[in-house]
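This report concerns only the one structure given below.
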Amino acid sequence: MLFDNKYIQQRIEKAQVLKDAGYNPYSNDSKRNTTIEKFLNVNSDIVDLEDKRDEKRHYIVSGRIKFLRIMGKASFVKIEDESGMLQIYVARDNLPENFYNTIFKKNIEVGDIIEIGGYPFVTGKGELSLHADTLKILTKSINPLPEKFHGITDKEIRYRKRYLDLIMNSEVRKTFQIRSRVISLTRHFFEEKGFLEVETPMMHPIAGGANAKPFVTHHNALGVDRYLRIAPELYLKRLIVGGFEAVFEINRNFRNEGMDATHNPEFTSIEFYWAYKTYKDLIEITKEYFRYLFDHLNLPTLLPYGDMEVNFDNFQEIPLIESLTTIGGVPADVTQNKEKIITYLKEKGLTVKPGMNLGQLQGELFDEFVEEKLIDPTFITEYPVEISPLARRNDENSEITERFELFIAGREIANAFSELNDPIDQLSRFEGQMAAKDSGDDEAHEMDSDFVEALSYGMAPTAGQGIGIDRLVMLLTNEASIRDVILFPAMKPVLNTANESEEEEA
RNA sequence: GUCUUGUUAGCUCAGCUGGUAGAGCACGUCACUUUUAAUGAUGUGGCCGAUGGUUCGAAUCCAUCACAGGACACCA
């Protein structure tokens with residue numbers, strides 16, 4: 001049973017006592033007229049007054065009881081609202097006859113949400129507090145809160161019951177406030193640049209725009225399967241074909257793949273597309289974007305992350321092949337030769353999947369020997385065409401694309417390129433991906449002939465970029481796990497025996 | 001998917017080479033009108049994640065399963 005715990009029973013009884021005494025334990029008659037933060041700011045002068053109080057001021061605050069110290073005929077209560085924590089001084093003789101002894105002391109406890117009216121004063125220990133003359137229960141909490149000192153540390157409970165995590169760990173609220181700020185600032189940054197925010201489908205007939213396994217769902221009315229989108233890219237580019245010249249979308253993508261510290265099945269990204277620009281312009285706007293974020297978030301450009309220190313004043317730019325040698329330490333003569341790469345990888349004790357082409361092998365070298373060493377922000381440019389099915393070829397060297405990925409703290413943060421707008425080339429790239437799929441690469445890109453048809457009407461030269469918002473927030477908040485920047489991260493359902501028998505009956 | 005560590009009271013954790021369950025907080029009762037994780041006294045509280053096995057006897061040993069953390073693999 002949900003409420004058979006004896007502590008819960010006890011508190012349900014207290015709620016009933018309150019009700020019987022005429023105090024609604026779930027009242028919505030709130031008269032709050034200030035927040036705790038405002039109260040503390042407005043009354044910061046009290047400490048300078050002679051008797052350290054001003055009985056002419058009167059405020060009504062509300063919040064959840066976090067600490068309760070009853071000392072006979074007077075008590076100290078710490079309540080918390082979204083803005084902060086405030087100490088309340090509650091004395092028997094300042095409240096209605098019997099209220100303190102029979103109602104407050106017996107039936108109000110830690111976890112309850114109460115409303116208090118009173119005047120500001122500073123205690124002997126120097127803490128600005130509220131001297132209560134009214135006290136009302138707003139919401140009775142019938143489930144006891146976790147321990148007040150250690151709080152809740154069990155990660156499983158913190159993720160499954162995020163509300164408890166938020167109640168107990170105020171720094172968690174801060175993380176998600178920063179996340180909200182980042183998204184808001186991102187939106188403003190691109191709007192100020194003249195980008196139009198758009199919404200494109202979350203359910204796709206063909207899962208395109210990335211190499212990943214999709215989630216499948218079914219649309220009954222049309223009798224067709226749909227794929228939760230793995231990326232919005234192909235729809236945003238259709239909008240460029242249609243004549244929008246700068247668009248962006250901040251939204252969720254879904255990938256049916258493994259979960260770990262940097263992967264959640266649903267994650268948030270911004271993708272933006274900018275006509276008449278190239279990936280070189282994207283490098284510049286990306287630097288500007290980071291400056292904008294750091295300015296508005298008041299972050300130091302030397303930012304700690306784990307045991308690293310990232311210098312956001314030190315953006316580097318290096319072609320992928322060059323990075324293999326200068327950063328990865330792979331001999332230059334190896335990096336351009338398929339057999340030599342395979343031999344090299346095997347020498348290093350790595351298993352090489354058969355049938356990989358040169359570009360894929362170069363990507364492999366990068367993942368193995370370079371990626372984790374890129375601490376300060378680094379644009380890795382000129383990706384092999386084989387692993388860039390949607391990117392424009394370089395005019396001088398058709399084997400590489402006009403593309404970069406941005407790495408920070410050993411992790412990919414952004415992916416960008418001058419878009420491929422040659423419909424014939426796009427068609428043959430898709431065909432190459434189909435061939436890869438046939439030979440066993442189940443994450444090769446799907447053929448999307450509708451998209452090719454869109455390109456055939458002509459898409460202006462365009463540059464486009466995607467930035468992983470979750471990973472960006474991880475960086476800015478120094479969180480090690482993506483689950484700590486997603487309010488409700490994906491978790492396996494817990495099956496208890498009761499649930500199992502229900503399922504059998506159904 | 002693999003390896004590894006964990007799962008004991010509402011929460012945070014002890015529990016030795018197997019002998020039948022412990023603390024702190026919380027909660028109940030009592031005292032206390034300036035406390036800061038308030039304090040002092042006292043009491044209640046457990047199918048030791050689930051299922052099987054070994055054993056006279058299992059929280060403890062073994063196996064399987066579930067969930068979680070970490071690492072690796074896969075993956076943008």
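Each chain gets a letter, A, B and so on, in the order its sequence line appears, and its residues count up from 1.
Distances shorter than 4.0 Å separate none of the side-chain N or O atoms of A/Lys161 from OP1 or OP2 on B/rC11. Contact check, A/Lys148 against B/rA37: no side-chain N or O comes under 4.0 Å of OP1 or OP2. Put simply, A/Arg69 has a side-chain N or O that comes within less than 4.0 Å of OP1 or OP2 on B/rA38. At the phosphate of B/rG70, OP1 or OP2 sits under 4.0 Å from a side-chain N or O atom of A/Arg483. Within the 4.0 Å cut-off from OP1 or OP2 of B/rA37, not a single side-chain nitrogen or oxygen of A/Lys66 is found. When the side-chain nitrogen and oxygen atoms of A/Thr153 are compared with OP1 and OP2 of B/rU12, one or more of them lie within a distance under 4.0 Å. Between A/Arg160 and B/rC67, a side-chain N or O to OP1/OP2 separation shorter than 4.0 Å is absent. Within the 4.0 Å cut-off from OP1 or OP2 of B/rU36, at least one side-chain nitrogen or oxygen of A/Lys125 is found.
Nucleic acid contact class of A/Phe267 (heavy atoms, under 4.0 Å, all strands): none. Contacts of A/Glu257 with the nucleic acid, taken as non-hydrogen atoms under 4.0 Å apart, involve only primed sugar atoms and P, OP1 or OP2. If you check every strand for non-hydrogen atoms under 4.0 Å, A/Phe407 touches nothing. Using a 4.0 Å heavy-atom distance criterion, A/Ala210 is classed as making no nucleic acid contact. A/Gly151 comes within 4.0 angstrom of sugar-phosphate atoms only, judged by non-hydrogen atoms across all strands, and of no base. Using a 4.0 Å heavy-atom criterion, one finds that A/Lys78 contacts the bases of the nucleic acid, with or without backbone contacts as well. Within 4.0 Å of A/Met168, counting heavy atoms only, lies no atom of the nucleic acid at all.
The C1' atoms of B/rU7 and B/rC13 are separated by 13 Å, rounded to the nearest whole Å. Using P as the reference atom, B/rA37 and B/rG43 are 27 Å apart when rounded to the nearest Å. The gap from the P atom of B/rC75 to that of B/rA58 amounts to 48 Å, rounded to the nearest Å. For the P atoms, the distance from B/rU2 to B/rU39 is 49 Å, rounded to whole Å. B/rU20 and B/rC25 are spaced 27 Å apart, taking the C1' atom of each and rounding to whole Å. Taking the P atom of each, B/rU42 and B/rG24 are spaced 11 Å apart, rounded to whole Å. Distance check on atom C1': B/rU51 versus B/rA14 gives 27 Å, rounded to whole Å. Spacing between B/rA59 and B/rG22 at atom C1', rounded to whole Å, works out to 12 Å.
A pairwise comparison of heavy atoms in A/Thr200 and A/Pro232 identifies OG1-CB, 3.8 Å as the closest pair. The two atoms that bring A/Phe369 and A/Leu345 nearest to each other are CE1-CD2, 4.0 Å, heavy atoms only. When every heavy atom of A/Val310 is checked against every heavy atom of A/Ile375, the shortest pair comes out as CG1-O, 3.6 Å.
Contact check on A/Glu368 versus A/Lys348 returns no salt bridge, with no Lys/Arg side-chain nitrogen under 4.0 Å from an Asp/Glu carboxylate oxygen. The pair A/Glu80-A/Lys66 meets the salt-bridge criterion, since a charged nitrogen lies less than 4.0 angstrom from a carboxylate oxygen. A salt bridge does not link A/Glu386 to A/Arg429: none of the charged nitrogens lies less than 4.0 Å from a carboxylate oxygen. Between A/Arg229 and A/Glu249 there is a salt bridge, with a side-chain nitrogen of the basic residue lying less than 4.0 Å from a carboxylate oxygen of the acidic one. Checked for salt-bridge contact, A/Arg11 and A/Glu109 meet the test: a charged N lies under 4.0 Å from a carboxylate O. A/Asp81 and A/Arg64 are not joined by a salt bridge, as no carboxylate oxygen comes within less than 4.0 angstrom of a charged side-chain nitrogen.
A 3.5 Å limit on both hydrogen-bonding distances identifies no Watson-Crick or G-U partner for B/rC47. With a cut-off of 3.5 Å on both pairing distances, the Watson-Crick or G-U wobble partner of B/rC25 is B/rG10. Across all strands shown, B/rA73 forms no Watson-Crick or G-U wobble pair with both key distances under 3.5 Å. With both pairing distances under 3.5 Å, B/rA59 is matched to nothing as a Watson-Crick or G-U wobble pair. Look at B/rA37: it lacks any Watson-Crick or wobble partner with both distances under 3.5 angstrom. The partner of B/rU54 cannot be assigned: no Watson-Crick or G-U wobble pair with both contacts below 3.5 Å exists in any strand.
For A/Lys106, taking side-chain heavy atoms from C-beta onward, the closest of the listed nucleotides B/rU29, B/rU36, B/rA37 is B/rU29. Of all nucleotides listed (B/rU34, B/rC11, B/rA38), B/rC11 comes nearest to the side chain of A/Pro146. In this structure, of B/rG69, B/rA73, B/rU12, it is B/rA73 that holds the atom nearest to the side chain of A/Asp260. Out of B/rA37, B/rG70, B/rC11, the shortest distance to the side chain of A/Phe67 is found at B/rA37.
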Contacts under 3.5 Å, N or O only, protein and nucleotides 31-33 of chain B:
from   : atom 1 : to      : atom 2 : distance (Å)
B/rC32 : N3     : A/Gly72 : N      : 3.0
B/rC32 : N4     : A/Gly72 : N      : 3.4
B/rU33 : OP1    : A/Lys73 : NZ     : 3.4
B/rU33 : OP2    : A/Lys73 : N      : 3.0
B/rU33 : O2     : A/Tyr89 : OH     : 2.6
B/rU33 : O4     : A/Asp93 : OD2    : 2.2

Sub-3.5 Å pairs of nitrogen or oxygen atoms, protein against nucleotides 7-9 of chain B:
none

- Message: Across nucleotides 1-6 of chain B, 5' to 3', mark each nucleotide with B, S or - according to how protein heavy atoms within less than 4.0 Å reach it.
- Response: ------
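Contact annotation: side chain of A/Glu127 to base of B/rU35, donor-acceptor pair absent below 3.5 Å. Between the side chain of A/His263 and the base of B/rC75, at least one donor-acceptor pair of N or O atoms lies under 3.5 Å.
By the 6.0 Å and 45° rule, A/Arg179 does not stack over the aromatic ring of A/Phe176. For the pair A/Arg403 and A/Tyr383, the distance from NZ or CZ to the six-membered ring centre is under 6.0 Å and the angle to the ring normal is within 45 degrees.
A/Tyr59 and A/Phe39 have their aromatic ring centers within a separation under 6.0 angstrom. In this structure, the ring of A/Phe248 has its center no less than 6.0 angstrom from the ring center of A/Phe272.
Position along RNA chain B of the nearest nucleotide to A/Asn143 versus A/Gly126 favours A/Asn143 as the more 5'-ward residue.
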- Message: One pair to check against side chain to side chain contact (heavy atoms under 4.5 Å, CB included): A/Lys148 and A/Val110. What are the steps and the verdict?
- Response: CA-CA 9 Å; A/Lys148 62 186 169 190; A/Val110 172; over 6 Å; no
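Side-chain contact between A/Tyr89 and A/Thr123 is absent, with no heavy-atom pair separated by less than 4.5 Å.
One interatomic measurement links the two molecules: CD of A/Glu364 to P of B/rA73, which rounds to 10 Å at whole-angstrom precision. The distance from atom CG of A/Asn107 to atom C1' of B/rU29 is 15 Å, rounded to the nearest whole Å.
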